[in-house]
Enquirer: 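This structure is in structure tokens; I'll ask about it shortly.
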Protein chains: 2
Amino acid sequence: MTSARTYGQACPVARAMDVLGERWAMLVVRELRLGPRRYSDLAAQLPGLGPTVLAARLRELERSGVVRRETLPPPGAARVYALTEWGAELEPVFAALARWGMRAPVPPDAHLGPDPVLLGMRTFFRSTPGWDAVVEVRLDGEVYALRVEDGALTDLHRGPAADPDATLTGTAGALHAVRTGTLPPDAAGLAVTGDRAVAGRLLDAVRLPG
Amino acid sequence: MTSARTYGQACPVARAMDVLGERWAMLVVRELRLGPRRYSDLAAQLPGLGPTVLAARLRELERSGVVRRETLPPPGAARVYALTEWGAELEPVFAALARWGMRAPVPPDAHLGPDPVLLGMRTFFRSTPGWDAVVEVRLDGEVYALRVEDGALTDLHRGPAADPDATLTGTAGALHAVRTGTLPPDAAGLAVTGDRAVAGRLLDAVRLPG
DNA sequence: CCGCATCCCCAAAGATACTG
DNA sequence: CAGTATCTTTGGGGATGCGG
């Protein structure tokens, strides 16, 4: 039953693909990069992935030591999936893949979840010394906290920010449109509250070239 | 016909996986990292990969702009597959994946081709200033040329070396055993000719920790 | 509800044989 | 040598259902 399909090669690239090469595996891991998620949240962010395959991928990734199943302390007691330490060490792989994939074609009617937008901001953040900020970003109902210290992004995680200097609210697509320079924030429908100068600096630091 | 299976996401990681995510695709690209190869050479280095899937992957990778089909000038006029410039830009992805995959389990009866061994030497080469060398490595019938300048690996490609200081000859498994420290060169069956001090320095620079 | 398991169907991969 | 043709097996997409 558990066929353990492998490339049968000693090469570390092949062994990495033995772990991560099945369809959807990398995208499941990607959804956990900003923190633990529940099964149904994963399913919601991965349209086209059926429940059978999602459950299978999570089981395989757990077995291979990339993902860990956690039960949150009550109240709530929700079951969530989180990256192990080894799974978190995939960051350099994702960073390299994201830079390379920027030049790959965008499929028609492409879905864009909030996590990839925030991850892209982190991967392509341009540090410019001389400013500090705490910004809360709310996209499609998801809440994220960013911390900038001396112009460098020092923290980004899911969840509300404590005493933010500014808040950005809108859809994933809106923030992405602002990042690409397609639209200014107001035209994109991205609401800015709080310190508008801080928000502008942040949007500048994450603006994509081209 | 061409189904164009895609994740349908705008995320650059997902788009990269649209191009590279099909089974065997990354390993086909890996086999081209050290230079162009013919169809049958690819097939020989990728046991378990059938001719149908290999032809399909090559066609898809060519269509997406990762691989280019070349016809060598006569005499010979062999058809080879080579990486495009974009394909060559996958190097950081492979480097990150290889580092991560080092900690993944080695499948039983693992195959080990000569290319992965040389690629591993390049990825994990430890620079130590103060020496220069040209070394030819012959593994399983494949020939490679390495150039070290001031202790840094400045060139590695398939093909014979011009006027090498030393030559290593053996199997891929033998050189790998030496790199891991499992066996000394002679016990592993790795023949060293020419300047033994240079060969020793090279083997030191590519020795794997742990 | 959330977290899957079952079922059905098609598409992709493995194996083998064969051809320009 | 460089693939295509064919067949079988496996894995993935989609819908539904069921237990906690």
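Remember, it's a predicted structure, so these values are computed and weren't measured experimentally. Chain identifiers are assigned alphabetically (A, B, ...) following the order of the sequence lines, protein sequences preceding nucleic acid strands; residue numbering begins at 1 within each chain.
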Enquirer: Strictly below 4.0 Å: does A/Y7 bring a side-chain N or O up to OP1 or OP2 of C/dG14?
Expert: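 For C/dG14, OP1/OP2 do not have a side-chain N/O of A/Y7 under 4.0 Å.
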Enquirer: Output the rounded distance in Å from CG (B/L54) to P (C/dA12).
Expert: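 Whole-Å distance recorded here is 17 Å.
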Enquirer: Take a 6.0 Å sphere around CZ of B/R147 and say whether it holds more than 12 heavy atoms from other residues, nucleotides or ligands.
Expert: no
Enquirer: Which of the following nucleotides, C/dA13, C/dC2, D/dG12, is nearest to the side chain of B/R23?
Expert: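 Among C/dA13, C/dC2, D/dG12, the one nearest the side chain of B/R23 is C/dA13.
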Enquirer: A/P51 has a side chain; which of D/dG3, C/dC4, D/dG12 sits nearest to it?
Expert: C/dC4
Enquirer: Rounded to the Å, how far apart are A/E60 CD and C/dC4 P?
Expert: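 These atoms are roughly 14 Å apart.
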Enquirer: Calculate the interatomic distance between B/R5 atom CZ and D/dG13 atom P; express it in whole Å.
Expert: 6 Å
Enquirer: Side chain of B/Y39 only, please: which of C/dG14, D/dA2, C/dC2 is the nearest?
Expert: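 Minimum distance to the B/Y39 side chain belongs to D/dA2.
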Enquirer: In whole angstroms, how far is the C1' atom of C/dC4 from the CZ atom of A/R38?
Expert: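 Atom-to-atom, A/R38 to C/dC4, this comes out as 15 Å.
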Enquirer: Specify the separation, in whole Å, of atom CG of B/L49 and atom C1' of C/dG14.
Expert: 10 Å
Enquirer: Take atom CG of B/L58 and atom C1' of D/dG3, then tell me their distance rounded to the nearest Å.
Expert: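 So the CG-C1' distance, B/L58 to D/dG3, works out to 10 Å.
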Enquirer: Would you call B/R57 and B/E60 a salt bridge, taking side-chain N to carboxylate O under 4.0 Å as the test?
Expert: yes
Enquirer: Separation of B/L42 atom CG from D/dA2 atom P, in whole Å?
Expert: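 Interatomic distance, CG of B/L42 to P of D/dA2: 9 Å.
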Enquirer: Check this for me: does any side-chain nitrogen of one of B/E22 and B/R5 sit under 4.0 Å from a carboxylate oxygen of the other?
Expert: yes
Enquirer: Does the side chain of B/R57 get closer than 4.0 angstrom to OP1 or OP2 of C/dA13 through an N or O atom?
Expert: yes
Enquirer: Relative to the 5' end of DNA chain D, which residue comes earlier, B/D41 or B/T52, by the nucleotide with the nearest heavy atom?
Expert: B/D41
Enquirer: Tell me which one of A/R158, A/R122, A/R30, A/R33 satisfies salt bridge (Lys or Arg N to Asp or Glu O under 4.0 Å) with A/D115.
Expert: A/R158
Enquirer: Is B/Y81 near enough to D/dG3 that one of its side-chain N or O atoms lies under 4.0 angstrom from OP1 or OP2?
Expert: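 Result: yes.
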Enquirer: For B/L46 and C/dA15, give me the distance from atom CG to atom C1', rounded to whole Å.
Expert: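 Atom CG in B/L46 sits about 16 Å away from atom C1' in C/dA15.
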Enquirer: Any donor-acceptor pair under 3.5 Å linking the side-chain atoms of B/R69 with those of B/Y81?
Expert: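 B/Y81 vs B/R69: donor-acceptor pair found between side chains.
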Enquirer: Does C/dG14 have its OP1 or OP2 closer than 4.0 Å to a side-chain nitrogen or oxygen of B/W24?
Expert: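 Checking C/dG14 against B/W24, a side-chain N or O does come within under 4.0 Å of OP1 or OP2.
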Enquirer: May I ask you to evaluate whether A/R69 reaches the phosphate of C/dC4, defined as a side-chain N or O under 4.0 Å from OP1 or OP2?
Expert: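 Looking at the OP1 and OP2 atoms of C/dC4, one of them is under 4.0 Å from a side-chain N or O of A/R69.
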Enquirer: Please state whether the phosphate of D/dT4, meaning OP1 or OP2, lies under 4.0 angstrom from any side-chain nitrogen or oxygen of B/R59.
Expert: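 Yes, such a contact exists.
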